[in-house]
Amino acid sequence: MRYDLVIFDNDGVLVDSEPISNAILASYLTELGHPTTYQESLRDYMGAAMHRVHDLVAERGGKPLPEDFETAYNRRVFTAFQEELEPVSGAVDVLEKLTAEGVPYCVASSGSHEKIRVGHLKTGLDEWFEEEWIFSSEDVGTGKPAPDLFLHAAQRMDVEPQKCVVIEDSPLGIQAAQAAGMDVFAFTSMMPRDRLDGATAYFSDMGQLPELLG
């Protein structure tokens, strides 16, 4: 293995949550008077922390989102997770292989710790992650494309950034990994390769990841 740490994004990489979350986000924003399609939600918010939603709505001159927006959104998402959420196909096999080979890994997500926990418990991925291997943008106060979250994860896992590889599926995540000085492998299950410029490598099936990791 040519890396000392594998840093996984969560939504869309470990849990198949992006279609669920973005459909609900687009619907809720539209309901609140900010017309948003599913494709626009993917384009603008996939891989982002919740503050980006507030920031873009404000920039576009819309009325502010209600104070309980995140709470109400999460309630809808978590309800849908309990009914629909599944692990990304092949993700458990990758985690099993890394564990067998003694390769350290962690998750670094723009989502909240609560969202990560809910998703992992529903999909059984909680069996593969110790609490100290889970990092959220809540921990650093800013989300991707800033590098802070990935740098924080590397520091806490005691690995130099240049010895880390990030597994991402969003443009914001790829930008964050680049800014952190890390290699990044782009998972193209949700977005085409041409939307994920700058990645070190690309793959469309989790079964391809172990070979890429070397």
Side-chain angles (χ1 to χ4, degrees), residues 1-15 17-18 46-49 87-88 90-113 115-117 119-120 125-191 193 195-214:
M1 181 72 65
R2 53 199 173 104
Y3 299 102
D4 291 347
L5 177 66
V6 181
I7 303 176
F8 290 95
D9 175 42
N10 190 58
D11 296 295
V13 171
L14 294 175
V15 295
S17 54
E18 292 290 10
M46 183 172 162
V88 167
V92 170
D93 293 336
V94 172
L95 296 174
E96 186 175 33
K97 183 174 179 61
L98 292 176
T99 300
E101 295 183 358
V103 178
Y105 62 84
C106 66
V107 61
S109 172
S110 292
S112 66
H113 278 285
K115 185 180 181 185
I116 298 168
R117 282 196 300 271
H120 284 196
L125 291 179
D126 59 305
E127 297 182 15
W128 297 96
F129 286 91
E130 302 291 342
E131 189 64 31
E132 59 266 27
W133 302 349
I134 298 174
F135 306 100
S136 161
S137 61
E138 291 179 325
D139 301 332
V140 294
T142 186
K144 306 164 188 177
D148 305 46
L149 175 57
F150 290 143
L151 292 173
H152 172 70
Q155 181 182 42
R156 291 291 300 274
M157 297 294 288
D158 197 27
V159 177
E160 294 295 322
Q162 64 269 24
K163 296 180 180 179
C164 300
V165 62
V166 176
I167 314 303
E168 263 290 352
D169 69 335
S170 73
L172 294 175
I174 288 172
Q175 292 169 35
Q178 289 178 309
M182 300 176 181
D183 282 356
V184 54
F185 294 166
F187 183 41
T188 60
S189 65
M190 284 289 296
M191 284 194 174
R193 180 171 174 154
R195 288 287 313 280
L196 301 170
D197 286 342
T200 310
Y202 298 85
F203 66 107
S204 59
D205 186 300
M206 274 293 162
Q208 299 170 302
L209 182 55
E211 184 175 353
L212 285 176
L213 291 172

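Positions are given from 1 along the sequence.
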key: Tyr202 side-chain N/O to Leu196 backbone N/O, donor-acceptor pair under 3.5 Å   = yes
key: Tyr105/Phe129 aromatic ring centres below 6.0 Å   = yes
inquiry  = Test side-chain contact (heavy atoms from CB on, under 4.5 Å) on Met46 and Asp169; report intermediate values, then the result.
reply    = CA-CA 9 Å; Met46 183 172 162; Asp169 69 335; 3.2 Å; yes
query = How many angstroms lie between atom OG of Ser170 and atom CD of Glu18, to the nearest 0.5 angstrom?
reply = 7.5 Å
remark   = Heavy atoms of Ala153 and Ile7 approach each other most closely as CB-CD1, 4.4 Å
Where Gly173 and Phe150 come nearest, the two heavy atoms and their spacing = O-CE1, 3.6 Å
note = On a heavy-atom basis, the closest approach of Ser136 and Ser112 is OG-CA, 3.6 Å
query = What do you reckon, is CD of Glu132 surrounded by more than 12 foreign heavy atoms closer than 6.0 Å?
reply = yes
request  = To the nearest 0.5 angstrom, please state how far the OH atom of Tyr3 sits from the CG atom of Leu213.
outcome  = 7.5 Å
task = Using the side chain to side chain contact (heavy atoms under 4.5 Å, CB included) rule, pick out the option among Leu95, Ile116, Val88, Val107 that qualifies with Leu125.
result = Leu95
note = Scanning both residues in full, the closest heavy-atom pair of Leu212 with Arg2 reads O-NH2, 2.9 Å
task = Mark yes or no for whether Ser110, through its side chain, and Gly47, through its backbone, hold a donor-acceptor pair below 3.5 Å.
result = yes
ask   = What salt bridge (Lys or Arg N to Asp or Glu O under 4.0 Å) pairs are there with at least one residue in residues 135-146, not counting sequence neighbours?
value = Asp9-Lys144, Lys144-Glu168
query = Distance-only, no hydrogens or angles: does the Thr200 side chain make a donor-acceptor pair with backbone N or O of Val184 under 3.5 Å?
reply = yes
message = As an exercise, state the distance from CD of Gln155 to CD of Glu160, rounded to the nearest 0.5 Å.
response = 10.0 Å
message = Can you confirm whether Leu209 sits close enough to Val6 that some side-chain heavy atom of one is under 4.5 Å from a side-chain heavy atom of the other?
response = no
Non-hydrogen side-chain atoms of Asn10 and His120 separated by less than 4.5 Å = yes
query = Can you find a pair of side-chain heavy atoms, one from Asp126 and one from Arg117, that are under 4.5 Å apart?
reply = no
Distance in Å, Asp158 CG paired with Lys163 NZ, rounded so as to fall on 0.5 Å steps = 10.0 Å
remark   = Distance col, row Ser17:OG vs Lys115:NZ, nearest 0.5 angstrom, shows 5.5 Å
query = Of the non-hydrogen atoms in Gly119 and Val15, which two are nearest, and what is the gap between them?
reply = O-CG1, 4.1 Å
request  = Kindly indicate whether the side chain of Met206, heavy atoms from C-beta on, has any atom under 4.5 Å from the side chain of Asp93.
outcome  = no
note = When rounded to the nearest 0.5 Å, the distance separating CZ of Phe187 from OG of Ser204 is 7.5 Å
query = Do the non-hydrogen side-chain atoms of Val94 and Pro210 ever get within less than 4.5 Å of each other?
reply = yes
message = Tell me the closest heavy-atom pair linking Met182 and Ala154, and the distance in Å.
response = CE-CB, 3.8 Å
ask   = Is any side-chain heavy atom of Leu151 less than 4.5 Å from a side-chain heavy atom of Pro161?
value = yes
message = Is there a side-chain contact between Val13 and Phe185 in this structure, where contact means two heavy atoms from C-beta onward sitting under 4.5 Å apart?
response = no
